[in-house]
2 protein chains.
Amino acid sequence: MAAKPDGRPVDTSVLEGLLGYNARRASLAVIGHFLQDMAAFELRPVEFSVLTLIASNPGITARQLCQQLDVLPPNLVGLLNTLEQRALIRREPHPTDKRASALHVADGAQTLVQRAQAQALKSDETALAHLSADERATLMALLKKVYAPQQL
Amino acid sequence: MAAKPDGRPVDTSVLEGLLGYNARRASLAVIGHFLQDMAAFELRPVEFSVLTLIASNPGITARQLCQQLDVLPPNLVGLLNTLEQRALIRREPHPTDKRASALHVADGAQTLVQRAQAQALKSDETALAHLSADERATLMALLKKVYAPQQL
DNA sequence: TATTGTTATACTCTATAACTATA
DNA sequence: TATAGTTATAGAGTATAACAATA
């Protein structure tokens, strides 16, 4: 017998009343599903986001990726190098700025990106399995309102 | 002029349709507020959570903290040592299990914990400033449903 | 034989300073 | 003078293996 035996549950009421605690635990759960479902593509969440942004914005620069994803420039370099070595992206000369590169999804990698995006949607299905369609839409809208309140 | 000049916004529609992306960005925003508001107490989010759980559950063990907060035992040791050296907690002999310690908030630290908890609520107010009372309650409930669907 | 707490350690993630080439 | 990309590096966060003491 312990002072807090397994039969007597831990009181988490204070933490459960805080947004940060609930947001962190929900994020951990969602990321857990994502890591599992994306293992087949060998893509981490940030790599998936980078690939998706490049696919949606051909010719995007590293600086724009950094601003959009809250990644610092030094930390993006190795990530882009890896994706380039895996032949998932290519760096082309930027049409007007010789300092920058224009990033594109490599020709042979378009299919992989599309399949990865389809798998990401399935991963969401798993994470949101216990929520109705209305609840899912509400949750997404409220999350956006938290991190980008001015846009809504 | 760039291929993606600042005037032409980056297309994030695919990412914004994914739960993981929205959850991560919302978490970053919330944690940002928390770090700023908790700087006065020199408490990181995990340290605040540990203090709060010990305050709500006097005599709780390190193992129980690890299970509740998804922290691995080796990573909790240094954290508890720091809190003990700062005289915020104390390790007492466990009443029935000589392997474990019974954790308590140090006598002189009860006030600090209460003030930190009040500040955490104010931090939530900041993060949720653009949400109505109804929306806040809904968001918290939906987040819990994501990470602990069986409990609801 | 299993569990609590611990040490050592490694790997990932994130952050800062400074450099180059170009704007 | 400022910016894009890069290098090197440091710090924080997270992970596994192995051990002593106890259950």
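Labels below follow one simple rule: chain letters A, B, ... track the order of the sequence lines, proteins then strands, and each chain is numbered from 1.
Atoms CD1 (I89(A)) and C1' (dG5(D)) sit 13 Å apart, rounded to a whole Å. Taking atom CZ of residue R63(A) and atom P of nucleotide dA2(D), one finds them 16 Å apart after rounding to whole Å. Atom-to-atom, CG of L69(B) to C1' of dA15(D) comes out at 17 Å; the value is rounded to the nearest Å. E42(B) has its CD atom 13 Å from the P atom of dA12(D), to the nearest Å. Q67(B) has its CD atom 11 Å from the C1' atom of dT4(C), to the nearest Å. The distance between atom CG of N75(B) and atom P of dT9(C), rounded to the nearest whole Å, is 16 Å. In this structure, the CD1 atom of I31(A) is 15 Å from the P atom of dG13(D), given to the nearest Å. The interatomic distance linking Q64(A) (CD) with dA4(D) (P) rounds to 9 Å, in whole Å.
Within 6.0 Å of atom CD in Q36(A), 12 or fewer heavy atoms from other residues, nucleotides or ligands are found, so the atom counts as exposed in its surroundings.
Of the candidate nucleotides dC13(C), dT4(C), dT16(D), dT16(D) has the atom nearest to the side chain of L72(B). With distances taken from any side-chain atom of K98(A) to the nucleotides dT6(C), dA23(C), dA15(C), the minimum falls on dA23(C). Side-chain proximity of D97(B) to dT6(D), dT22(D), dG5(C): nearest is dT22(D). Each of dG5(C), dG5(D), dT16(C) was ranked by its minimum atom distance to the side chain of T61(B); first place goes to dG5(C).
No hydrogens or angles considered: a donor-acceptor pair under 3.5 Å links the side chains of D37(A) and S123(A). For the residue pair Q117(A) and T52(A), a side-chain donor N or O sits within less than 3.5 Å of a side-chain acceptor on the partner. Residues S132(B) and D134(B) have side chains that never bring a donor and an acceptor to within less than 3.5 angstrom of each other.
Distances shown here put a side-chain N or O of R91(A) below 4.0 Å from the OP1 or OP2 atom of dT6(D). Put simply, R44(A) has a side-chain N or O that comes within less than 4.0 Å of OP1 or OP2 on dC13(C).
Atom-to-atom distance recorded for L139(A):CG and L128(A):CG is 6.5 Å, nearest 0.5 angstrom.
Between R99(A) and L76(A), it is R99(A) whose nearest contact on DNA chain D lies nearer the 5' terminus.
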